[in-house]
A.B. asks: 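Sharing a structure, written as structure tokens. Questions coming.
First the proteins, then the strands, lettered A, B, ... as listed; each starts at 1. Remember, predicted model here, so these are calculated numbers, not experimental data.
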2 protein chains.
Amino acid sequence: MEKRERLIMRLKEQGFKLTPQRLAIIELLEEGGHPRAEEIYERLSRRYPMLSRATVYNTLEVLKGLGELAELRIEPQAVRYDLETKPHCHFLCRRCGRLLDLGAPRGLERLLGKELEGHKIEEVQVSLYGLCADCAKEGQE
Amino acid sequence: MEKRERLIMRLKEQGFKLTPQRLAIIELLEEGGHPRAEEIYERLSRRYPMLSRATVYNTLEVLKGLGELAELRIEPQAVRYDLETKPHCHFLCRRCGRLLDLGAPRGLERLLGKELEGHKIEEVQVSLYGLCADCAKEGQE
DNA sequence: ATAATTGCAAAAGCTTTGCACGGAA
DNA sequence: TTCCGTGCAAAGCTTTTGCAATTAT
């Protein structure tokens, strides 16, 4: 099943309404790319000039509440969003700013629900920073 | 050697000036607690009412540049700071908001300098979220 | 002496909020 | 019909910036 269909189902199931704005936001998120809220707003504004930032944030909040959207706290400036909610590593290139998915080390997912030193783990984020393959080649620093 | 002395040495070594403001900021950071910039500003303002936010941010920037300060991107709202720059895990309690140090899994430090799928790793942050031991006991959710 | 640093105030971003209108169910 | 959702605008926070005055070396 497509992510899109699953999200639509879960929205209705929970009594949330499906609006063209929400659908557009979901479809954009489905493309991956880990957009920031501002990016989502800007890209969708072209097609829906009346779209407001409040709606973007509202929709993201709803999807987060459903547990269907991960909020990546990897850049200091802004949150990025990811429909993939299973724990995995992210890599942020300090040169081109691209945010790439890396695999998940075996055991990362098994952390969820466990206790570490008495603290109950509900979410895990592994963020790696450096130079991506492309930038390492081209720039030589 | 104390962290404080090491930082003073490194500042002078690199031609940076040591000012009372910077010393105070360093001493506060030495206490740990992973303060936010605003927290540093507020706490030091009591003793140094003329202190400005710009100076706080400036000093944090200098210490980051020296590689002596880690910038924790673990909360969406604000960056937290940590004089411990060796990679280790952090735990943020969603109830009380405390940020705790957890140990580093063997192998975490060894990631630095390595390549993963062609990407050169320069920094690692592992952030865990959930309920801390105290909150899990008291609140029962 | 002199170049770095400070404080202040304004500005820049991201995100949140209040409210009246409009539309999905 | 009844809420939920939307758009707009304003406000809240964190962080950055420009500049003249100050200060560490």
A.B. asks: Just by distance, do the side chain of A:Arg73 and the backbone of B:Ile74 share a donor-acceptor pair under 3.5 Å?
C.D. replies: yes

A.B. asks: Choosing from C:dT5, D:dG5, D:dT17, which nucleotide comes nearest the side chain of B:Arg22?
C.D. replies: C:dT5

A.B. asks: What orientation do B:His90 and B:His34 show, parallel under 30°, tilted 30 to 60°, or perpendicular over 60°?
C.D. replies: perpendicular

A.B. asks: Among C:dA25, C:dC14, C:dT15, which nucleotide sits nearest the side chain of A:Arg36?
C.D. replies: C:dC14

A.B. asks: With the side chain of A:Leu18 defined as its heavy atoms from C-beta on, choose the nearest nucleotide among D:dG5, D:dT15, C:dA25.
C.D. replies: C:dA25

A.B. asks: If you compare all heavy atoms of A:Pro35 against all heavy atoms of A:Leu29, which two are closest, and at what distance to 0.1 Å?
C.D. replies: CG-CD2, 4.0 Å

A.B. asks: Check whether any side-chain nitrogen or oxygen of A:Gln21 sits under 4.0 Å from OP1 or OP2 of D:dG7, and answer yes or no.
C.D. replies: yes

A.B. asks: With respect to the phosphate group of C:dT16, does any side-chain polar atom (N or O) of A:Tyr57 fall under 4.0 Å of OP1 or OP2?
C.D. replies: no

A.B. asks: If you check the A:Ser52 side chain, which of D:dT17, D:dG5, D:dC8 turns out closest?
C.D. replies: D:dC8

A.B. asks: Base, sugar-phosphate alone, or nothing: which one does B:Ala78 contact when heavy atoms must sit under 4.0 Å apart?
C.D. replies: sugar-phosphate

A.B. asks: Checking contacts here: which listed nucleotide (C:dT15, D:dT6, D:dG7) is nearest the side-chain heavy atoms of A:Thr59?
C.D. replies: D:dT6

A.B. asks: State which of C:dT16, C:dA25, C:dC8 makes the closest approach to the side chain of A:Lys17.
C.D. replies: C:dA25

A.B. asks: Nearest to the side chain of A:Asn58, which nucleotide is it out of D:dT6, C:dT15, C:dG7?
C.D. replies: D:dT6

